[in-house]
There are 2 protein chains.
Amino acid sequence: MPERPPRRLQQRSVETREKLVEAALHEFAEKGFGGASTRAIATRAGVAQSAVPYHFETKDSLWKAAADHLFGLLRERFQARVVGLDGVGVRTKSRLLVRDFVLFAAAHPELHRFMLQEGTGRSERLEWLVEKHIRPTFEFLRGQMDELEADGAPAIGRPDHLHYVLIGAASTPYALAPEFELVTGEDPFAKEMVDAHVELILSLFFPEPRGERQ
Amino acid sequence: MPERPPRRLQQRSVETREKLVEAALHEFAEKGFGGASTRAIATRAGVAQSAVPYHFETKDSLWKAAADHLFGLLRERFQARVVGLDGVGVRTKSRLLVRDFVLFAAAHPELHRFMLQEGTGRSERLEWLVEKHIRPTFEFLRGQMDELEADGAPAIGRPDHLHYVLIGAASTPYALAPEFELVTGEDPFAKEMVDAHVELILSLFFPEPRGERQ
DNA sequence: GTCTATATTATGATAGAC
DNA sequence: GTCTATCATAATATAGAC
């Protein structure tokens with residue numbers, strides 16, 4: 001029998017786990033799995049290094065927890081959005097989803113950093129990530145593109161690499177923000193820069209005859 | 001006085017250095033600076049781990065040698081290309097340069113992997129990379145865009161993030177090839193996929209009235 | 001549940017044999 | 001010039017105090 005109320009103890013544990021996941025996300029995103037140390041993660045979270053194996057057994061499972069958290073945010077955002085857009089025209093819906101995707105990339109640069117770190121080499125982690133999180137996201141986008149095409153929009157490329165072209169174009173300024181800032185002297189996260197980026201992406205992927213505007 | 005001809009000895013040293021740089025390039029590109037170990041690099045190059053500090057003093061300077069090698073390839077390719085295109089119309093030249101850039105990204109996926117690994121977080125290495133290699137590349141592209149605009153082409157975005165949008169769109173399928181293959185089941189490096197990608201990028205960044213083709 | 005201390009392994013760099 | 005052996009340090013994971 002614990003002396004303190006179990007509720008409170010559990011609460012503390014949950015908070016530590018959350019702090020660790022959040023810290024891990026940023027460390028893994030910046031340095032990659034091998035480059036990030038559980039010490040640095042624990043320090044960033046403000047807890048002892050041994051809290052990592054205590055709460056997550058291994059570094060690997062902490063990494064998976066960070067990935068689950070990340071894609072949870074993404075799903076949350078887009079599921080609500082899709083529900084809210086029910087009944088809206090396909091083209092308008094697609095434009096708004098792409099806009100949302102850019103805004104999400106700007107708000108969560110860790111997402112693409114995290115994936116860039118894993119996608120450059122084969123590993124068990126990449127296979128896990130693809131099966132559990134990336135493929136469902138990919139299928140969702142593919143469905144959108146099929147709807148667009150069925151609606152009469154011209155296919156501007158194979159869904160396969162259009163997916164990666166869109167991701168690359170939309171997220172690179174945010175994923176590589178430190179480089180972007182050093183090279184251009186601009187802050188990619190500034191509101192006017194984000195707005196301009198949204199417009200650029202939309203004009204590239206949804207070209208329209210002059211004058212028309214949705 | 002060495003017993004063997006100095007020429008031959010030096011030759012061996014040069015070869016070992018080259019093997020190490022090549023191996024380092026791939027290891028750093030896949031795992032990042034912190035994730036790559038000098039042991040793995042040496043093993044990949046087929047030499048002893050101690051050959052790294054012998055030839056390059058530190059891991060850091062091996063990393064810089066790899067970066068110099070990488071951007072040397074890029075410069076070599078584009079300087080020759082620009083000379084060969086002297087006198088060609090601005091728009092045609094720009095299209096050909098973009099096409100070349102995509103082909104280079106497909107032929108050397110390590111280039112963007114290497115930069116993705118460093119561009120996601122602030123570090124002395126990133127500052128060095130920006131000043132020595134990235135900024136000159138950036139200025140070159142910016143010059144091309146200025147020429148295009150002076151020629152009457154509509155500006156499709158600020159050069160600042162258009163640069164990153166182009167890089168992201170052109171290179172992501174190759175930089176993330178392992179992920180691309182797992183998700184789509186396709187080989188992004190296959191000739192027909194590369195050709196399709198070139199066409200996709202050109203159609204996005206050089207939209208033209210139907211019927212016209214350069 | 002969290003911390004300090006520690007065991008074990010892996011890393012970057014050095015010394016000495018050949 | 002390159003390799004084997006080794007040192008010092010930093011890594012992950014475990015054990016025990018509180």
Side-chain angles (χ1 to χ4, degrees), chain A residues 1-28 30-66 117 121 123-125, chain B residues 1-28 30-67 117 123-125:
Chain A
M1 272 291 195
E3 291 184 20
R4 292 155 192 267
R7 177 73 186 285
R8 206 196 155 89
L9 283 176
Q10 193 190 344
Q11 184 61 22
R12 223 153 77 97
S13 178
V14 167
E15 280 168 13
T16 298
R17 282 182 66 97
E18 284 174 354
K19 281 190 294 186
L20 277 171
V21 165
E22 188 66 25
L25 194 49
H26 287 87
E27 289 290 320
F28 285 135
E30 282 183 25
K31 316 227 183 90
F33 183 81
S37 76
T38 57
R39 265 190 169 72
I41 292 169
T43 301
R44 185 167 193 151
V47 300
Q49 182 267 336
S50 57
V52 172
Y54 175 77
H55 285 283
F56 297 92
E57 294 284 304
T58 66
K59 183 185 181 182
D60 207 89
S61 106
L62 172 59
W63 180 87
K64 287 184 179 173
Q117 296 284 359
S123 68
E124 281 197 23
R125 286 189 305 280
Chain B
M1 272 291 194
E3 291 185 19
R4 291 155 193 266
R7 176 73 185 285
R8 207 197 152 89
L9 284 176
Q10 193 190 343
Q11 183 62 21
R12 232 163 59 108
S13 179
V14 167
E15 280 168 13
T16 299
R17 282 182 66 97
E18 285 175 353
K19 280 190 294 184
L20 277 172
V21 165
E22 188 66 26
L25 194 49
H26 286 87
E27 288 290 320
F28 285 135
E30 281 183 25
K31 314 227 184 90
F33 183 82
S37 77
T38 58
R39 269 188 166 75
I41 292 169
T43 301
R44 186 168 191 149
V47 300
Q49 181 267 337
S50 57
V52 172
Y54 175 78
H55 285 282
F56 297 92
E57 291 285 305
T58 66
K59 183 184 181 183
D60 206 90
S61 106
L62 172 58
W63 180 87
K64 287 183 179 173
Q117 296 286 358
S123 69
E124 281 198 23
R125 285 189 305 280

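We name chains A, B, ... by the order of the sequence lines, and we start the count at 1 in each one. For clarity, every value in this text was computed on a predicted model and none was experimentally measured.
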Rounded to whole Å, how long is the line connecting atom [atom1] of [X] with atom [atom2] of [N]?
X       : N      : atom1 : atom2 : result
A:Glu15 : C:dT2  : CD    : P     : 9 Å
B:Arg12 : C:dC18 : CZ    : P     : 17 Å
B:Phe33 : C:dT11 : CZ    : C1'   : 12 Å
A:Gln11 : C:dT2  : CD    : C1'   : 16 Å
B:Leu20 : D:dT2  : CG    : C1'   : 11 Å
A:His55 : C:dT2  : NE2   : C1'   : 7 Å
B:Phe56 : C:dT14 : CZ    : C1'   : 18 Å
A:Arg17 : C:dT2  : CZ    : P     : 11 Å

Review point. Which pairs, with at least one residue in residues 46-59 of chain A and sequence neighbours excluded, count as a salt bridge (Lys or Arg N to Asp or Glu O under 4.0 Å)?
Key: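 Found none.
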
Check your understanding: Choosing from C:dA13, D:dA13, D:dT2, which nucleotide comes nearest the side chain of A:Lys59?
Key ->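 It is D:dA13.
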
Check your understanding: Closest to the B:Ser13 side chain: D:dT2, C:dT14, C:dG12?
Key ->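 Selected nucleotide: D:dT2.
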
Exercise for review: To the nearest 0.5 Å, tell me how far A:Arg12 CZ sits from A:Glu15 CD.
Suggested key: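 So the CZ of A:Arg12 and the CD of A:Glu15 are separated by 8.5 Å.
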
**Study point:** Value rounded to 0.5 Å, distance of CG in A:Leu25 from CG in A:Leu62
**Key:**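 Output value for this atom pair is 10.0 Å.
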
Reckon [X] touches a base, only the sugar-phosphate, or nothing at all at heavy-atom distances under 4.0 Å?
X       : value
B:Ala40 : nothing
B:Val47 : sugar-phosphate
A:Ala36 : sugar-phosphate

Exercise for review: Look at the rings of A:Trp63 and A:Phe33 and say which category their plane angle falls in: under 30° parallel, 30 to 60° tilted, over 60° perpendicular.
Suggested key: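 Plane angle over 60°, so perpendicular.
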
**Study point:** Qualifying residues under side chain to side chain donor-acceptor pair (under 3.5 Å), relative to A:Arg17, sequence neighbours excluded
**Key:**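 Not a single residue meets the side chain to side chain donor-acceptor pair (under 3.5 Å) criterion with A:Arg17.
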
Would you be so kind as to tabulate the donor-acceptor pairs closer than 3.5 Å made by side chains of residues 42-49 of chain A, with sequence neighbours excluded?
from	atom 1	to	atom 2	distance (Å)
A:Thr43	OG1	A:Arg39	O	2.9
A:Arg44	NH1	A:Glu27	OE2	2.9
A:Gln49	NE2	A:Thr38	OG1	3.3

Review point. Phosphate oxygens OP1/OP2 of D:dT2: is one of them under 4.0 Å from a side-chain N or O of B:Tyr54?
Key: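 Checking B:Tyr54 against D:dT2: no side-chain N or O falls below 4.0 Å of OP1 or OP2.
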
Check your understanding: Is the phosphate of C:dT2, meaning OP1 or OP2, less than 4.0 Å from a side-chain N or O of A:Thr16?
Key ->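 Yes, because at least one side-chain N or O of A:Thr16 sits under 4.0 Å from OP1 or OP2 of C:dT2.
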
Exercise for review: With sequence neighbours excluded, tell me which residues meet side chain to side chain contact (heavy atoms under 4.5 Å, CB included) with B:Glu18.
Suggested key: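 Partners of B:Glu18 by the side chain to side chain contact (heavy atoms under 4.5 Å, CB included) criterion, ordered by chain and then number, come out as B:Val14.
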
Write out a two-atom table: protein N or O, nucleotide N or O from nucleotides 4-9 of chain C, distance below 3.5 Å.
from	atom 1	to	atom 2	distance (Å)
C:dT4	O4	A:Ser50	OG	2.9

